[in-house]
Amino acid sequence: MSVLVCVGCGDREDRPLCNLYSVTKGQQAIRELAGAMHDRTGNLPPHYGIFPDYFAPIVRNQPEGRELMMARWGMPSPVFALKGKKSDPGVTNVRNVKSPHWRRWLGIENRCVVPWTSFSENEVLPDGSRPPVWFAFDDTRPLAFFAGIWTRWTSVRKVKEGETTNDIFGFLTTEPNKESGQSIRKRCPSF
């Protein structure tokens, strides 16, 4: 397995994590690798570009067993982040699990895994442009999972939609391990 390298943000703490990923392996591969007993996704096509607030597959534990289902990317934002705003687009990457805001979703019932085959960072070029650079474990883009949390939540995600109730999720992040710490940012998705 090769080490993931982030040329977009280097080692800077003040840069956001990736907010674009893909999952191009089929639902059968996801079910088999995750041990999902139930599939609620319908006909799941490859997802080449999953952005914040898009629906994407997750695997969560349910009383009747593991379930593959679709959820919207972005957990509820902390109250301080919503001051003066009419909507909550959500938080895609959960960094500080010690925060009281996240504690209610850290139990087993809210844990999930998020399938992915590649994710991107924006590389800043000398001309100021920021093209995406894609990262994967290798050229075959094998299926892998980010650690995540999910919940059902009612809020205004977009003003034009009004109040909606959705199953939503976010990635958990951590400090990189010794091997990847030399080439990946100070926070990375938990694999």
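Along the sequence shown, residues are numbered consecutively beginning with 1.
- Note on L82 and V94: separate hydrophobic clusters, where clusters join Ile, Leu, Val, Met, Phe, Trp and Tyr whose side-chain heavy atoms are under 4.5 Å apart, directly or indirectly.
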Could you tabulate the donor-acceptor pairs under 3.5 Å formed by side-chain atoms of residues 57-66, not counting sequence neighbours?
unit_1, atom_1, unit_2, atom_2, d
R60, NE, E67, OE1, 2.6
R60, NH2, E67, OE1, 2.8
R66, NH1, A34, O, 2.8

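- Judged by distance alone, with hydrogens and angles left aside, the side-chain atoms of D88 form no donor-acceptor pair with the main-chain N or O of P76 at under 3.5 Å.
- Note on Y48: it does not cluster hydrophobically with Y54, by side-chain heavy-atom contacts below 4.5 Å among ILVMFWY residues.
- The CZ atom of R111 sits 8.5 Å away from atom CD of E109, with the distance rounded to the nearest 0.5 Å.
- Minimum interatomic distance between L68 and R31 (heavy atoms only, all atoms of both residues): CD2-CG, 3.9 Å.
- In summary, the side chains of N93 and T173 do not present any donor paired with an acceptor at a separation below 3.5 Å, with no hydrogens or angles considered.
- Here W73 and F51 keep their ring centres 6.0 angstrom or further from each other.
- In this structure, the separation between OG1 on T151 and CG on D167 is 8.0 Å, given to the nearest 0.5 Å.
- Counting only distance, with no hydrogens or angles, the side chain of R157 and the backbone of G74 share a donor-acceptor pair below 3.5 Å.
- Closest of all the heavy-atom pairs between A144 and F137 is CB-CE1, 3.5 Å.
- Side-chain atoms of V91 and P78, non-hydrogen and from C-beta on, do get closer than 4.5 Å to each other.
- In this structure, I168 is not a member of the same hydrophobic cluster as V156, with clusters built from ILVMFWY side-chain heavy atoms closer than 4.5 Å.
- Interatomic distance, W134 CH2 to Y21 OH, rounded to the nearest 0.5 Å: 10.5 Å.
- The salt bridge (Lys or Arg N to Asp or Glu O under 4.0 Å) contacts involving residues 68-80 comprise D53-R72, R72-E161, where partners must be two or more places apart or lie in separate chains.
- Considering CE of M75 and CG of L172, their distance stands at 9.0 Å, rounded to 0.5 Å.
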request  = Evaluate the criterion side-chain contact (heavy atoms from CB on, under 4.5 Å) for residue pair T41 and I30; output intermediate values, then yes/no.
outcome  = CA-CA 11 Å; T41 59; I30 296 169; over 6 Å; no
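- Between the side chain of S22 and the backbone N or O of T117 there is no donor-acceptor pair closer than 3.5 Å.
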ask   = When you look at T92 and N19, which way does the side chain to side chain donor-acceptor pair (under 3.5 Å) test go after all the steps?
value = CA-CA 7 Å; T92 57; N19 277 315; 2.6 Å; yes
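- Taking the six-membered ring for Trp, W105 and F169 have ring centres at least 6.0 Å apart.
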ask   = Does the side-chain contact (heavy atoms from CB on, under 4.5 Å) test come out yes or no for L44 and D39, once each step is laid out?
value = CA-CA 10 Å; L44 182 66; D39 186 342; over 6 Å; no
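- For the atom pair CZ (R95) and CZ (F171), the distance works out to 13.5 Å, reported to the nearest 0.5 Å.
- Judged by distance alone, the side chain of R104 and the main-chain N or O of H101 form a donor-acceptor pair under 3.5 Å.
- F146 and L20 fall within the same hydrophobic cluster, where Ile, Leu, Val, Met, Phe, Trp and Tyr residues are linked whenever their side-chain heavy atoms come under 4.5 Å apart, directly or through other members.
- Formation of a donor-acceptor pair under 3.5 Å by the H38 side chain with backbone atoms of A36 is not found in this model.
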